[in-house]
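Beneath this line is the structure, given in structure tokens, with notes to follow.
Chain A is the first sequence line, chain B the second, and so forth, proteins listed ahead of strands; every chain is numbered from 1.
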Protein chains: 2
Amino acid sequence: MKLHNCSAELRKAKLRATPARIVAMQIFEKSDIPVDSTILFKNLKKQVDVDRVTVFRMLNNFLDRGLIKKIEFGEGKSRYELNGPEHHHLICESCGNVEDISYCNVENFGDEVNRQKKFLIRRHTLEFYGLCNNCQK
Amino acid sequence: MKLHNCSAELRKAKLRATPARIVAMQIFEKSDIPVDSTILFKNLKKQVDVDRVTVFRMLNNFLDRGLIKKIEFGEGKSRYELNGPEHHHLICESCGNVEDISYCNVENFGDEVNRQKKFLIRRHTLEFYGLCNNCQK
DNA sequence: GTGTATGCAAACCGTTTGCATAAGG
DNA sequence: CCTTATGCAAACGGTTTGCATACAC
């Protein structure tokens, strides 16, 4: 059980370790693709009695404290994932699966942009949409 | 006046050239940053009497016919721009201004991803967030 | 005990849908 | 004339807010 880790992590982020939050963190740790509020809510419900509103408040709390980050895949809703090392996503337009890619050569490109446009880049988003290996068959 | 061009363009896309659509196309042509439904609605209202619903329907029609494309900047709403040559955006987190960049070296990176992950890339999104030249001062 | 987190109800915003009317070709 | 676009009203899904209560520390 990672329960203790999650509690500690929450307290370290100056958040009270409530049951809902602990389970939410566990769900984030277990899920391999970014979750949206509805998925998180449904999975939470299996273990704790929690309100939808609380889920949104948790998400915002976690975001504020930098525990998670928000992503959008153009679905008209937000997704969230643990705020780990920078990476990008391969989103299958057929089955919806999401794979992570860690390598990114955009930094060099960013430097170029910086020089040319005098734009100070703080972060960037890069998502690839297409067909995963399975769905190509 | 570009009115005639817009009408022609609409008809070429097999869409009836109604006043609202013609003005909408003109607004797209004039605006240098991607517009959202509300901005488009307000600007349309200055020239034609149009309903909010009609704006959304127009946007979807234009999307279907490939006249425009949809973009998201993580604002919880969609933005739209004319479907011209591929480019990416520099979004200023301070003033909200958006600059276009045309050069993109992501293709090479995409090939790499393709080989490594056997993922067939159909399109990608790449947006830079930071501070524009003005807002750095 | 004190301040933070939660539940509930209600509202908000962007967007979609159904249906009858209007208008482009 | 026939089909497509529009307006209006209503609904939808995701998200936020106000307020009183419950709970973590």
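The residue B/N61 sits apart from the nucleic acid: no heavy atom pair falls under 4.0 Å.
The footprint of chain A on DNA chain C, defined by a heavy-atom cutoff below 4.0 Å, extends from C/dG3 to C/dA9.
Annotation: side chain of B/E127 is in contact with side chain of B/I71 (closest heavy-atom distance under 4.5 Å). Residues B/M25 and B/I22 fail the side-chain proximity criterion, which asks for heavy atoms closer than 4.5 Å. In this structure the side chain of B/V23 reaches within 4.5 angstrom of the side chain of B/I27, judged on heavy atoms.
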Can you list, pair by pair, the side-chain donor-acceptor contacts under 3.5 Å of residues 35-43 of chain B, counting residues two or more places apart and other chains?
residue	atom	partner	partner atom	Å
B/D36	OD1	B/T38	N	2.9
B/D36	OD1	B/I39	N	2.8
B/D36	OD2	B/K77	NZ	2.8
B/N43	OD1	B/K46	NZ	3.0
B/N43	ND2	B/I39	O	3.1

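For D/dG14, the OP1/OP2 oxygens have a side-chain nitrogen or oxygen of A/T38 closer than 4.0 Å. Close to D/dT6, at under 4.0 Å from its OP1 or OP2, lies a side-chain N or O of B/T18.
Chaining together hydrophobic side chains whose heavy atoms lie under 4.5 Å apart places B/L120 alongside A/L131.
Put simply, CG on B/L10 is 13 Å from C1' on D/dT4, counting in whole angstrom units. With rounding to whole Å, B/R65 atom CZ is found 12 Å from D/dA5 atom C1'. When the C1' atom of D/dA5 is taken as reference, atom CG of B/D64 falls 14 Å away, rounded to whole Å.
Residues of residues 66-82 of chain A that place a heavy atom closer than 4.0 Å to DNA chain C do not occur. Across residues 46-59 of chain B, B/R52, B/V53, B/F56, B/R57 each have a non-hydrogen atom less than 4.0 Å from an atom of DNA chain C (numbered order).
By the salt bridge (charged side-chain N to carboxylate O under 4.0 Å, His left out) test, B/K118 pairs with no residue at all, sequence neighbours left out. Among residues two or more places apart in sequence or in another chain, the side chain to side chain contact (heavy atoms under 4.5 Å, CB included) test is passed with B/N134 by B/C132, B/K137. In terms of the salt bridge (charged side-chain N to carboxylate O under 4.0 Å, His left out) criterion, A/R57 has no residue partners (sequence neighbours excluded). B/E81 pairs by the salt bridge (charged side-chain N to carboxylate O under 4.0 Å, His left out) definition with nothing, not counting sequence neighbours. Under the ring pair (Phe, Tyr, Trp, His ring centres under 6.0 Å) criterion, A/F128 pairs with B/F109, B/H124, sequence neighbours left out.
With respect to the salt-bridge test (charged N to carboxylate O, under 4.0 angstrom), the residues A/R123 and B/E93 qualify. A salt bridge links A/R115 and A/E112; the closest N-O separation between the charged side-chain nitrogens and carboxylate oxygens is under 4.0 Å.
For the pair B/A20 and B/R16, both in contact range of DNA chain D, the more 5′-proximal nearest nucleotide belongs to B/R16.
Each end of the helix from C/dG1-D/dC25 to C/dG25-D/dC1 gets its own axis from five base pairs, and the two axes differ in direction by 40°, given to 10 degrees.
Residue pairs that meet the ring pair (Phe, Tyr, Trp, His ring centres under 6.0 Å) test with at least one member in residues 53-78 of chain B, sequence neighbours left out, are B/F73-B/H89.
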